[in-house]
Amino acid sequence: MNKIETLCLLCSRPLQSTFSWKILLTKQFQPTICDRCSARFEYSSTVSALYQYNDAMKDYLHQYKFLQDVALAKVFRQELHARLKHEKATIIPIPMHPLKQSERTFSHMEELLKAATIPFVQLLEKTTSETQSSKNREQRIQAAPLFCLMTGAHVEHKEYLLFDDIKTTGTTLRHATEILMNAGAKNVKSFTLING
């Protein structure tokens, strides 16, 4: 057993990690944030999200998405892995518009799944570079379709799980669900990191 000193990805305090065979064999990831930072996040009371939106989550999203800190994809990997590792449905992360992705340099939804070693496929394309967070509730509800199927994508008659970072009005997930159902999906459910 070896001790590895790393720093909390959120506050830079030293983390004492212990490396062992048990961690390797039971698919336990090394911690990436300290207990103090971890305690600031509030678990969701719903089964369709991991966390509730609060000040700690607001700070996390800002640093991860807008300051392009891709290392933060690892923060929730243990919880995401535990929640999605036995998922039977095919997981589809909500895509970013290509312009947004080139601005941010990475797909934040795909990086969360990669960090948690969760397999996924991409069948959808975002049709607008506008973000839902820039619109009010009425504008979100009235929005034109946000997605289309990728060229050559084949939707099978089976269950799919859409994965997004945050659910507020549910517009994004509803639009993506409609595209998949109209293309022949048997069922579409959703799961988010945060319940807004």
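The basis for the numbers below is simple: all heavy atoms, side chains too, and nothing from hydrogens, waters or symmetry mates.
Considering all non-hydrogen atoms of both residues, L112 and A73 come closest at CD2-O, 3.7 Å. Nearest approach of A71 to L9, heavy atoms of both residues: O-CD1, 3.4 Å. Across all their heavy atoms, A176 and L124 have their closest contact at CB-CD1, 3.8 Å.
Between Y64 and F106, the ring centre distance stays below 6.0 Å.
Linking Ile, Leu, Val, Met, Phe, Trp and Tyr residues whenever their side-chain heavy atoms come within less than 4.5 Å places V75 and L61 in a single cluster. Taking hydrophobic clusters as Ile, Leu, Val, Met, Phe, Trp and Tyr residues chained together by side-chain heavy-atom distances below 4.5 Å, M96 does not share a cluster with L173. L161 is not connected to L149 by any chain of hydrophobic side-chain contacts under 4.5 Å among Ile, Leu, Val, Met, Phe, Trp and Tyr, and they are in different clusters. A continuous path of hydrophobic side-chain contacts links L72 to F41 [ILVMFWY only; heavy atoms under 4.5 Å]. Taken together through direct or relayed side-chain contacts under 4.5 Å among Ile, Leu, Val, Met, Phe, Trp and Tyr, M150 and V188 form parts of separate hydrophobic clusters.
The side chain to side chain contact (heavy atoms under 4.5 Å, CB included) test with F163 singles out one residue from I118, I92, L80, and that residue is L80. Here the rule is side chain to side chain contact (heavy atoms under 4.5 Å, CB included) with L162, and of T172, T192, I94, I91 only I94 fits it.
Between the CE atom of M109 and the NZ atom of K65 there is a distance of 8.0 Å, given to the nearest 0.5 Å. Interatomic distance, OG of S48 versus CZ of R83, reported as 8.5 Å (0.5 Å rounding). Taking CG from L50 and CD from E79, the interatomic distance works out to 7.0 Å, rounded to the nearest 0.5 Å. Atom NE2 of H108 and atom CD of Q101 lie 9.5 Å apart (nearest 0.5 Å). Remark: T46 OG1 to Y51 OH distance equals 13.0 Å, nearest 0.5 Å. Here the CG-CD1 distance, from D165 to I194, works out to 6.0 Å after rounding to the nearest 0.5 Å.
K126 has its side chain within reach of F147: a pair of non-hydrogen atoms, C-beta onward, lies under 4.5 Å apart. Using a 4.5 Å heavy-atom cutoff, the side chains of M57 and Q52 are not in contact. Between R40 and L10 there is no side-chain heavy-atom pair separated by less than 4.5 Å. Between L15 and C34 the shortest side-chain heavy-atom distance falls below 4.5 Å.
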Item to check | Steps toward salt bridge (charged side-chain N to carboxylate O under 4.0 Å, His left out) verdict (K189, E159) | outcome: CA-CA 8 Å; K189 53 188 184 173; E159 189 165 61; 3.7 Å; yes

Does the pair L113 and L84 meet the rule for a side chain to side chain contact (heavy atoms under 4.5 Å, CB included), with working shown?
CA-CA 9 Å; L113 293 171; L84 296 174; 3.9 Å; yes

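The backbone N or O of T168 lies less than 3.5 Å from no partner atom in the side chain of Y53, so there is not a single donor-acceptor pair. The backbone N or O of L146 sits less than 3.5 Å from a side-chain atom of T127, completing a donor-acceptor pair. Formation of a donor-acceptor pair under 3.5 Å by the Q68 side chain with backbone atoms of E103 is found in this model.
The aromatic rings of F29 and H81 sit perpendicular, their planes meeting at an angle over 60°, well past the 30° parallel limit.
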